[in-house]
Amino acid sequence: AGRGAQARRLLATPRARTHLGDFAAMWTGADGILTADKQPSQFPADSASLRAAMRTETAQLFAHVVFDGTHRVDELYTANYSFVSGELATHYGLAAPQATPSRITYPDGSRSGILGHASILGTAAHSDQSSPIRRGLFVRRNLLCQELPPPPPDVGSAPQVDPHATTRERFAQHTSNPACASCHRHIDPVGFGFERFDALGRLRDSENGRPVDPAGDMTDVEALGAGTSAPFQDLAALGRTLAGSKAAHACLARQAYRFTRGLLEQDPCVTLPYEEHLRQAGGDIRELLVELVSSNDFAERR
């Protein structure tokens, strides 16, 4: 009870926002944007200050949701607003705010919570092109805590593709090849939901002169191998699917456990009580954080 009371006191201090923002940047991989390799010729406006603003956006949105918003997990995936600097607003094709960073509302609904952040989109991409694989794996590993098996040793090299084809057309060969389909059917259809964004998170409507199709399928959202399907038409719809996913809520509890303990759990059953506490709290992240430090295993070393 004493630890819980002190946790609530600390959550009311300004340092808590910074600390939890650091957690968000680590959990989502947004820290990676600071060093991600990008083609200067393709992104002439790229700069260290722009990348720092991208990382700050993710940290600030998470802190806002926890302290000022609904406090719930689902808002992280469905928020139609964010906090951007003038430089980042220009990168997004939006009017630069008067004060920075400032809260802005996306005018077209193209972005959805942290899913539309350039810090994540740019990290989970190649230097010169988007990557449905990296972005699909980001959802599976970071947001759902699902690990796919490594590729089979006889998978072979990447197939030859038409350089003028769209990303979706190129990656269609993964799901048509039986050796690749067993894993890629869980990756590529999810990653396609991010295709309206290029390798540094800029919005685009076409690729190689053809319209971008952001539709996909969040297959087996609750558990790999479940045989379920959850088609979506755009990133916002994917965000709503994740917002309502039990696996996404449970994964955040697991990621927060790792952050507070400084280690990866050896037994998945260890985090079950915290996953259940988050569920009973209606997805309230603050209550999860208090519970994580109130339990005996936080204070006792084994």
Side-chain angles (χ1 to χ4, degrees), residues 28-30 32-33 36 38-39 42-46 50-51 53-54 57-58 61 76-84 87-95 104-140 142-143 161 163-172 174-175 184 186-219 221 230-243:
T28 62
I33 196 61
K38 299 298 170 185
Q39 288 286 351
Q42 191 168 337
F43 305 104
D46 186 17
L50 176 61
R51 293 183 182 219
M54 293 174 180
E57 177 190 21
T58 301
L61 178 66
L76 296 174
Y77 301 121
T78 60
N80 68 341
Y81 65 88
S82 193
F83 298 86
V84 300
E87 190 176 14
L88 184 55
T90 300
H91 182 75
Y92 283 168
L94 305 173
I104 56 96
T105 299
Y106 301 127
D108 57 0
S110 56
R111 301 179 190 268
S112 186
I114 61 173
L115 302 178
H117 285 190
S119 62
I120 293 168
L121 296 165
T123 300
H126 297 295
S127 64
D128 60 348
Q129 59 184 297
S130 65
S131 174
I133 293 179
R134 292 185 179 184
R135 291 170 176 178
L137 285 173
F138 157 73
V139 173
R140 291 293 180 186
N142 297 61
L143 306 185
V161 295
H164 302 292
T166 64
T167 301
R168 179 182 285 269
E169 291 169 338
R170 294 196 305 271
F171 279 80
H174 284 148
T175 50
H184 279 276
H186 291 113
I187 303 172
D188 299 11
V190 183
F192 289 146
F194 299 86
E195 272 302 287
R196 286 198 69 194
F197 304 95
D198 67 13
L200 201 53
R202 297 180 303 188
L203 189 65
R204 62 181 182 176
D205 292 319
S206 63
E207 181 187 14
N208 290 334
R210 304 180 192 179
V212 170
D213 180 6
D217 194 340
M218 185 65 255
T219 58
V221 61
F232 57 85
Q233 295 303 311
D234 53 27
L235 192 66
L238 173 59
R240 290 191 293 271
T241 297
L242 291 171

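For the pair Thr105 (side chain) and Tyr81 (backbone), a donor-acceptor distance under 3.5 Å is absent. Although no hydrogens or angles enter the test, the distance criterion places no donor-acceptor pair under 3.5 Å between the side chain of Tyr92 and the main chain of Tyr106. With hydrogens and angles disregarded, a donor-acceptor distance shorter than 3.5 Å links the side chain of Arg204 to the backbone of Glu195. Side-chain atoms of Gln39 never come within 3.5 Å of backbone atoms of Asp128 as a donor-acceptor pair (strictly under, hydrogens ignored). Distance alone, capped at 3.5 Å, is enough to place a donor-acceptor pair between the Arg140 side chain and the His186 backbone.
Inspection of the Thr58 and Ser119 side chains reveals an N or O donor paired with an N or O acceptor under 3.5 Å. Looking only at atom types and distance, the side chain of Asp108 has a donor-acceptor partner in the side chain of Ser110 under 3.5 Å away.
The distance from the CD1 atom of Ile114 to the CD atom of Glu57 is 10.5 Å, given to the nearest 0.5 Å. Distance check, rounded to the nearest 0.5 Å: CD1 of Ile33 to CZ of Arg51 gives 5.5 Å. To the nearest 0.5 angstrom, Leu121 atom CG is 11.5 Å from Ser131 atom OG. Taken to the nearest 0.5 Å, the CZ atom of Phe192 stands 8.5 Å off from the OG1 atom of Thr167. For the atom pair His91 NE2 and Leu203 CG, the distance stands at 10.5 Å (nearest 0.5 Å). For the atom pair NE2 of His117 and CZ of Phe197, the computed distance is 10.5 Å after rounding to the nearest 0.5 Å.
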